[in-house]
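All values below come from the heavy atoms of this structure, side chains included, with hydrogens, waters and symmetry mates left out. Bear in mind the structure is a predicted one, so any value in this text is a computation, not a measurement. Quick note: residue numbers are just sequence positions, from 1.
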Amino acid sequence: MPNIRKIYIAGGSGTGKTRLSRLIGEPTGYPVLELDSILWHHPDTGERITPSERSSIVHNEAVKPSWIADGVYVNWVQELWREADLVIYISVGLRLMLWRVFWRHVKAELRRSNPHSGWRNLFKFMGVIKKSYRSSEIGNIDDDEDETLSEAKIAAKAKQQEHKVLRVGNNPNIDEIRAMIADK
């Protein structure tokens with residue numbers, strides 16, 4: 001593998017992508033981009049970001065000399081998948097994903113910092129996670145416009161990029177990953 005300066009962390013909701021990106025980003029000094037933050041709302045206005053704005057943000061990040069991006073997304077982040085020196089694909093079981101999402105929601109509620117507050121929102125989101133995890137639909141993994149979201153799609157994209165994919169499970173060895181990045 002070439003010098004590892006651009007890392008994409010992929011996996012379903014609740015797999016630990018954001019935690020892993022922070023654990024790698026802090027010691028390396030690489031900027032961390034949580035893709036959820038650019039999908040949903042513009043930081044200044046609170047309005048939903050348009051597809052063209054998303055594309056512009058993704059492109060501006062992808063051309064930087066180093067970065068760590070994490071997300072469940074395939075299509076609108078094609079450039080990040082292509083430009084990444086390393087793709088870390090986190091694959092865990094559905095129960096663990098749902099448990100982590102549940103506790104993340106509860107903690108945010110207790111801190112009163114939950115942008116998606118309310119039990120109805122939580123259970124609706126957990127339903128989306130179950131559906132996407134169990135779905136075998138892949139769609140077109142190379143089409144920027146295909147909005148299909150499923151674990152099968154993420155796995156297919158990882159297989160397409162397997163020459164630069166590190167597949168990890170529930171407890172990735174952070175020290176091993178950091179050493180792999182530092183050695184390059």
Side-chain angles (χ1 to χ4, degrees), residues 7-27 32-41 48 54 68-78 80-81 84 86-142 146-181:
I7 303 165
Y8 185 78
I9 301 175
S13 298
T15 57
K17 299 177 304 295
T18 301
R19 181 177 178 272
L20 181 59
S21 66
R22 290 177 184 158
L23 289 170
I24 296 170
E26 190 174 300
V32 174
L33 174 65
E34 293 177 46
L35 293 170
D36 281 344
S37 69
I38 64 168
L39 173 64
W40 298 108
H41 295 96
R48 189 168 175 98
R54 275 194 326 220
I68 300 170
D70 73 72
V72 65
Y73 313 104
V74 173
N75 296 91
W76 60 273
V77 295
Q78 291 286 333
L80 295 174
W81 280 87
L86 173 66
V87 174
I88 301 174
Y89 171 39
I90 306 175
S91 179
V92 303
L94 178 60
R95 278 190 197 170
L96 181 58
M97 291 168 67
L98 293 173
W99 179 252
R100 287 177 174 171
V101 166
F102 174 81
W103 275 112
R104 179 173 63 201
H105 184 88
V106 168
K107 289 177 198 173
E109 287 289 331
L110 292 172
R111 286 190 310 268
R112 299 195 190 292
S113 63
N114 193 345
H116 311 287
S117 64
W119 297 108
R120 181 176 288 150
N121 284 335
L122 170 63
F123 292 119
K124 186 174 161 184
F125 183 53
M126 290 172 86
V128 169
I129 293 169
K130 278 194 249 182
K131 182 179 176 187
S132 68
Y133 186 87
R134 292 180 175 152
S135 173
S136 60
E137 188 176 353
I138 295 172
N140 184 342
I141 60 174
D142 295 319
D146 184 342
E147 294 286 330
T148 305
L149 187 62
S150 70
E151 183 72 19
K153 185 173 196 163
I154 298 167
K157 188 65 176 180
K159 185 170 176 63
Q160 180 191 57
Q161 304 277 324
E162 68 186 337
H163 63 284
K164 59 182 175 182
V165 170
L166 172 64
R167 187 178 177 137
V168 298
N170 177 30
N171 290 313
N173 186 328
I174 305 300
D175 293 332
E176 189 176 298
I177 294 169
R178 285 179 183 158
M180 185 172 83
I181 295 165

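Side-chain contact between Val101 and Met97 is absent, with no heavy atoms from C-beta onward closer than 4.5 Å. Under the 4.5 Å side-chain criterion, counting only non-hydrogen atoms from C-beta, Ile88 is in contact with Ile24. Contact check for Leu98 versus Tyr133: no side-chain heavy atoms found under the 4.5 Å cut-off. Here the side chains of Leu20 and Ile177 are in contact, with some heavy-atom distance below 4.5 Å.
To the nearest 0.5 Å, the span separating CZ on Arg104 from NE2 on His116 amounts to 9.0 Å. Atoms CG and CG, on Asp36 and Asp70 in that order, are 7.5 Å from each other to the nearest 0.5 Å. One distance of note links CD1 of Ile90 with OG of Ser21; it measures 8.5 Å at 0.5 Å rounding. Here CD1 of Ile138 is found 11.5 Å from CD1 of Ile154. Values are rounded to the nearest 0.5 Å. In this structure, the separation between CD1 on Ile68 and CG on Leu80 is 12.5 Å, given to the nearest 0.5 Å. The CD1 atom of Ile181 lies 6.0 Å from the CG atom of Leu86; values are rounded to the nearest 0.5 Å.
A pairwise comparison of heavy atoms in Lys17 and Val72 identifies CE-N, 3.9 Å as the closest pair. When every heavy atom of Leu23 is checked against every heavy atom of Pro27, the shortest pair comes out as O-CD, 3.1 Å.
Applying the side-chain hydrogen bond (donor to acceptor under 3.5 Å, both in side chains) test to every pair with at least one member in residues 87-101, sequence neighbours left out, gives these pairs: Tyr89-Glu151, Ser91-Arg167, Arg100-Asn170.
Scanning for salt bridge (charged side-chain N to carboxylate O under 4.0 Å, His left out) contacts around Arg22 gives Glu34, with sequence neighbours left out. A search for salt bridge (charged side-chain N to carboxylate O under 4.0 Å, His left out) contacts involving Lys153 returns Asp146, not counting sequence neighbours. Listed by chain and number, the residues in a side-chain contact (heavy atoms from CB on, under 4.5 Å) with Val106 are Phe102, Trp103, Leu110, Trp119 (sequence neighbours excluded). Applying the salt bridge (charged side-chain N to carboxylate O under 4.0 Å, His left out) test to Glu147 and every residue at least two apart in sequence or in another chain returns Arg54. With sequence neighbours left out, Gln160 forms a side-chain contact (heavy atoms from CB on, under 4.5 Å) with Ile141, Asp142, Lys157.
With hydrogens and angles disregarded, a donor-acceptor distance shorter than 3.5 Å links the side chain of Asn75 to the backbone of Asn140. In terms of modelled atom types and a separation under 3.5 Å, the side chain of Lys164 and the main chain of Trp81 share a donor-acceptor contact. Listed for the Ser150 side chain is a donor-acceptor partner under 3.5 Å among the backbone atoms of Glu137.
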